[in-house]
Amino acid sequence: MSVFTPLARAELEALVDGFDLGRLIDFQGIEGGSENSNFFVSCEQGDFVLTLVERGDPAALPFLVELLACLRGAGLAVPYAVADRHGQCLHQLKGRPALLQPRLAGRHVEQPDASHCEAVGGWLAQLHLATRDTALARPDERGVDWMQDQARRQLPQQSGPLAEALEALLAQLVHWRRQDPGLPRAVLHADLFRDNVLFDGHHLSGVIDFYNAASGWMLYDVAIAVNDWCLDGDGALEPRHARALLAGYAARRAFTAAEAQCWPAMLRLAALRFWLSRQIAAEEFAGQDGVLVKDPQHFARLLLQHRAVAVGLPLAL
């Protein structure tokens, strides 16, 4: 169970007492997280999710609260920070920033079909359209600078095709730093994996976990989603699912010619980002009980597979 900071019932009761939610009925830690401590919390007035933020700059949390309010206002099914009796949304518990949010309906889809992928693509386009012309902005803590630094650190430990792929991506990042590729930008979810999306049947009922949200290239966000939602049982890109996700996105926001040109490299970049974060976590938490460490080699294999990309972006005629 990925709970880095355990809670006693009395500690949670003291927090809940500051809200108009009635008394605490029950709570339990949530399995599956790899960065924050999350708990299901049941109160007399409803069910909620409590997050203790374990990583990142606490000063960025007001951005998160504002982002969720913006998306909720745009009609997207997202959680939002519940305010206490004093109107405060951000709290402290066990020395960690804490947010209490309504628990959304629906379930995670472990084996998505094309219709699930199409819905995810459409939702992601709505996120980008809702934020591209706003003042909302946040630097990506694990953006290009971070990837360059961490990839250089990992490179001496690698050999063969993976080392060649890392060198090629580092060269691509240097090129993009020198010559802006001119890709459209917005606020990104930056972690739109299956375990962060809820479905009620084939209806997308909610998206959660915006703690990695940051400003960046829209196309990078699309690549992150494709790299999780559109894989077959062997971990390779499933063309029908990829086309469905991309079509769902393009139905709301058309891709540009510059994005089409950058698409193969962007798929590799998205794979690099999560290979690096999982590799670092595997090294940091090796042998620790109660911490879910996801397999970094999954994204190493995907990075190598993306040397040849069979599914291009759909462009308007």
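The structure presented is a predicted model; accordingly, all values stated were derived computationally and were not measured.
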**Student:** Can you list everything that forms a salt bridge (Lys or Arg N to Asp or Glu O under 4.0 Å) with Arg177? Sequence neighbours excluded, please.
**Tutor:**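 Arg177 satisfies salt bridge (Lys or Arg N to Asp or Glu O under 4.0 Å) with Asp145 only.
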
**Student:** May I have the step-by-step check of ring pair (Phe, Tyr, Trp, His ring centres under 6.0 Å) for His128 and Tyr249, ending in yes or no?
**Tutor:** CA-CA 10 Å; His128 295 162; Tyr249 187 96; 5.6 Å; yes

**Student:** Other members of the hydrophobic cluster containing Leu129, with the 4.5 Å side-chain heavy-atom rule, please.
**Tutor:**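 Once heavy-atom contacts under 4.5 Å are chained together, Leu129 still belongs with nothing else.
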
**Student:** Assess Arg103 against Phe48: is NZ or CZ under 6.0 Å from the centre of the six-membered ring, and within 45 degrees of the ring's axis?
**Tutor:**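 No, cation not above the ring by the 6.0 Å, 45° rule.
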
**Student:** Applying salt bridge (Lys or Arg N to Asp or Glu O under 4.0 Å), can you list everything that pairs with Glu13, at least two apart in sequence or on another chain?
**Tutor:**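 Once residues adjacent in sequence are excluded, the partners of Glu13 under the salt bridge (Lys or Arg N to Asp or Glu O under 4.0 Å) criterion are Arg9.
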
**Student:** Salt bridge or not for Glu259 and Arg253, using N-O below 4.0 Å?
**Tutor:**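 Yes, charged N to carboxylate O under 4.0 Å.
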
**Student:** Do the side chains of Arg301 and Asp295 get close enough for a salt bridge, i.e. N-O under 4.0 angstrom?
**Tutor:**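 Salt bridge between Arg301 and Asp295, a charged N being under 4.0 Å from a carboxylate O: yes.
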
**Student:** For His86 and Gln88, indicate whether the former's side chain and the latter's backbone hold a donor-acceptor pair under 3.5 Å.
**Tutor:**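 No, the answer is negative, given that no donor and acceptor are paired below the 3.5 Å cut-off.
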
**Student:** Applying side chain to side chain contact (heavy atoms under 4.5 Å, CB included) to Asp228 and Arg194, what does each step give before you reach the verdict?
**Tutor:** CA-CA 7 Å; Asp228 187 66; Arg194 283 167 284 171; 3.1 Å; yes

**Student:** Output yes when a side-chain donor or acceptor of Arg178 lies under 3.5 Å from a complementary backbone atom of His175, and no otherwise.
**Tutor:**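 Not a single qualifying donor-acceptor pair exists.
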
**Student:** For a side-chain hydrogen bond (donor to acceptor under 3.5 Å, both in side chains) check, start with the C-alpha distance between Gln101 and Thr51, then their side-chain angles and the critical distance, and finish with the verdict.
**Tutor:** CA-CA 8 Å; Gln101 301 171 319; Thr51 297; 4.7 Å; no

**Student:** Please enumerate all residues that pass side-chain contact (heavy atoms from CB on, under 4.5 Å) together with Asp149, with sequence neighbours excluded.
**Tutor:**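 So Asp149 forms a side-chain contact (heavy atoms from CB on, under 4.5 Å) with Arg153.
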
**Student:** Go through the structure and list residues passing side-chain contact (heavy atoms from CB on, under 4.5 Å) with Ala223, not counting sequence neighbours.
**Tutor:**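 Partners of Ala223 by the side-chain contact (heavy atoms from CB on, under 4.5 Å) criterion, ordered by chain and then number, come out as Trp263, Met266, Leu267, Ala270.
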
**Student:** Tell me whether Ser42 contacts the main-chain N or O of Asp47 through its side chain, where contact means a donor paired with an acceptor under 3.5 Å.
**Tutor:**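 Not a single qualifying donor-acceptor pair exists.
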
**Student:** Side chains of residues 18-27: which donor-acceptor partners sit under 3.5 Å, not counting sequence neighbours?
**Tutor:**
unit_1: Asp20; atom_1: OD1; unit_2: Arg85; atom_2: NE; d: 2.7
unit_1: Arg23; atom_1: NE; unit_2: Glu44; atom_2: OE2; d: 3.3

